[in-house]
Amino acid sequence: MKDNNFSEWYNEIIEKAEILDVRYPVKGLYIWLPYGLRIRNNIISIIKQILEAHGHEEVLFPLLIPENLLRKESEHIKGFEEQVYWVTKGGDKELNVKLALRPTSETAIYPIVALWIKSHKDLPLKIYQVVNVFRYETKHTRPLIRLREITTFKEAHTFHKSMEEAEEQVKEAIEIYKKFFDKLAIPYMINRRPDWDKFPGALYTIAFDTIFPDGRTLQIATIHNLGQNFSKPFDIKFEKIDGSFDHVYQTCYGISDRVVASVIAIHGDKDGLVLLPDISPYQIVIVPIIYKDSKKIVLENSMEIYKRLSKKYRVYIDLREDETPGSKFYYWEMKGIPLRIEIGPKDIKENVVTIFRRDTKERLKVENDSIEKFINDLFNDIYNNLRSKAWKRFEEKIVRIYSLNDIKSGCVNEINLCGKDSCGKYLEDKTGLRVLGEAIDKKEHGSCIVCKELTDKIYRIAKSY
RNA sequence: GGGGCCGUAGGGUAGCCUGGUGAUCCUGCCGGCUUGGGGUGCCGGUGACCCAGGUUCAAAUCCUGGCGGCCCCA
């Protein structure tokens, strides 16, 4: 079902694995359930760690943005106008100044940062926050993919003394997201968005796209070079070494709930979630195999191993007596727990435990004394296996195309394109696919698939979410 | 942006076309016995017609609107 009806599979997993409750009576808003939230939080802490290691500091700005600030940068507001939720009343009273629920936080953050930055010594400044943002989506909403409340919006904002430094920051951001998605074993391609699809107000936008099992691409991270487009209207100035003043150069970059969607969609299989040890709420679940006559010894043994492993891992021991082992197996596989340890009378007699790995469904017998060592290796194995499988499937969905007639809709097409808007738009109209943008890591001589002009630019087009 | 389909217990469904029976079945949940190394079996119980209006003696069923879900095309 994952392969022939991805949507159905996805919705079912979200519900059965208890990621979200999708029954909230407002379109595009969902409830994080405890299990899903733990996965989300584990993922967030990974990106936080990486950002902090790269010198970013966490901040937290308000949700409401006064209308005049939201409108300061004209391209920006044009891009978001149709999607803004407004707060117009306080109780019964009409507000004098309408307040927007942030669709993103540039216009909330920048006027304040303008107060913080005085001199070149204050630069670079690198901050980030993890917040919710609201967008009145008119298109089909989907859990974690297209939301009206994006509950997990990690946005970083950086401020620099020169365009060169801002360009360097874009490169650092790319490295940050590479590390992040590598850690999650999510394959990606990096595309420079066409001008008509860049972030409103940006000089240019670079995006990470992954490919879902149904062949559609999903944007999972974006990086924007803002130049001085925001620092001028928001008047973010600094004094240079020579005493003159300039407006700062800025970048911003973000990820969202879509990262969680990718983790679910890319690693999951027909039996449910498949989680990496790093992000799984529990890394190991212990299922004692209880028979009447050996109940006591099995429980004692299981508890002992549970306590022992809990020192190093996140472990859950499933002591429910009204469920049979078989039903527990299915349950924890749906939940994606990387390892299951079965302990029964046979194991105890042989002084072993039975370890089952979720990713390959193999069962292994492991000597009692060497469990920890074995698990450490196994965790690495699981990561490597999931990562290489994911990249393999990803690459199978990318094709190199030389003629308009050969373009395929179920995968990512790599083509030569001159880069003119007119050729890109023509292509979108003609194929119904979307121009994801120019591959930043790939060049190849050829001629534009539309106008035949010589070019070495490779563009990617695909059906996207 | 355009078009189509749908809304019945916690989940999945039958019934709707052609209005009228105690609203079907599976699953889940609760209780009991049984079983326990891949969804153990049996018995008993629980729980639903999205909302508002309209048509009608009578609405899950027909009509209008709202809210919500899904699919296709651009």
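Classification of Asp322(A) and Arg320(A) as a salt-bridged pair fails, no side-chain N sitting under 4.0 Å from a carboxylate O. One finds no salt bridge joining Arg38(A) and Glu18(A) here, because no Lys/Arg side-chain nitrogen approaches an Asp/Glu carboxylate oxygen to under 4.0 Å. The pair Lys27(A)-Glu137(A) does not meet the salt-bridge criterion, since no charged nitrogen lies less than 4.0 angstrom from a carboxylate oxygen. Ion pairing of Lys78(A) with Glu75(A) is present here, as a side-chain N (NZ or NE/NH1/NH2) and a carboxylate O approach within less than 4.0 Å.
Checking A52(B) for Watson-Crick or G-U wobble geometry (two distances, each under 3.5 Å) identifies U64(B) as its partner. If you check G47(B) for Watson-Crick or wobble pairing at under 3.5 angstrom, you find it has no partner at all.
No hydrogens or angles were tested; on distance alone, a donor-acceptor pair under 3.5 Å links the side chain of Glu342(A) to the base of G37(B). Put simply, the side chain of Arg320(A) and the base of G36(B) share no donor and acceptor less than 3.5 Å apart. Remark: the Arg142(A) side chain and the G69(B) base include no donor-acceptor N/O pair separated by less than 3.5 Å.
For the pair Arg148(A) and Tyr136(A), the cation sits on the ring face: its NZ or CZ lies under 6.0 Å from the ring centre, inside 45° of the axis.
Between Lys463(A) and C73(B), a side-chain N or O to OP1/OP2 separation shorter than 4.0 Å is present. At least one side-chain nitrogen or oxygen of Ser7(A) sits closer than 4.0 Å to the OP1 or OP2 atom of C71(B). In this structure, Thr324(A) reaches the U40(B) phosphate: one of its side-chain N or O atoms is under 4.0 Å from OP1 or OP2.
Comparing Pro143(A) and Gly326(A) by the nucleotide of RNA chain B whose heavy atom lies nearest to each, the residue mapping closer to the 5' end is Gly326(A). Summary of the strand contacts: Glu15(A) and Tyr291(A) both lie near RNA chain B, and taking for each the nucleotide with the nearest heavy atom, the more 5' one is attributed to Glu15(A).
Residue Glu333(A) is classed as a base contact, given a heavy-atom separation below 4.0 Å to a base. Within 4.0 Å of Tyr24(A), counting heavy atoms only, lies no atom of the nucleic acid at all. Contact annotation for Glu323(A): base contact, defined as any heavy-atom pair under 4.0 Å involving a base atom.
For the C1' atom pair drawn from G32(B) and C50(B), the interatomic distance equals 37 Å after rounding to whole Å. Remark: the separation of the C1' atoms in C73(B) and U18(B) is 34 Å, to the nearest Å.
Candidate nucleotides C70(B), G38(B), G37(B) were compared by shortest atom distance to the side chain of Tyr330(A), and G38(B) ranks first. Closest contact between the side chain of Lys27(A) and the listed nucleotides G68(B), G37(B), U35(B) involves G68(B).
Distance OH (Tyr465(A)) to C1' (C72(B)): 14 Å, rounded to an integer number of Å.
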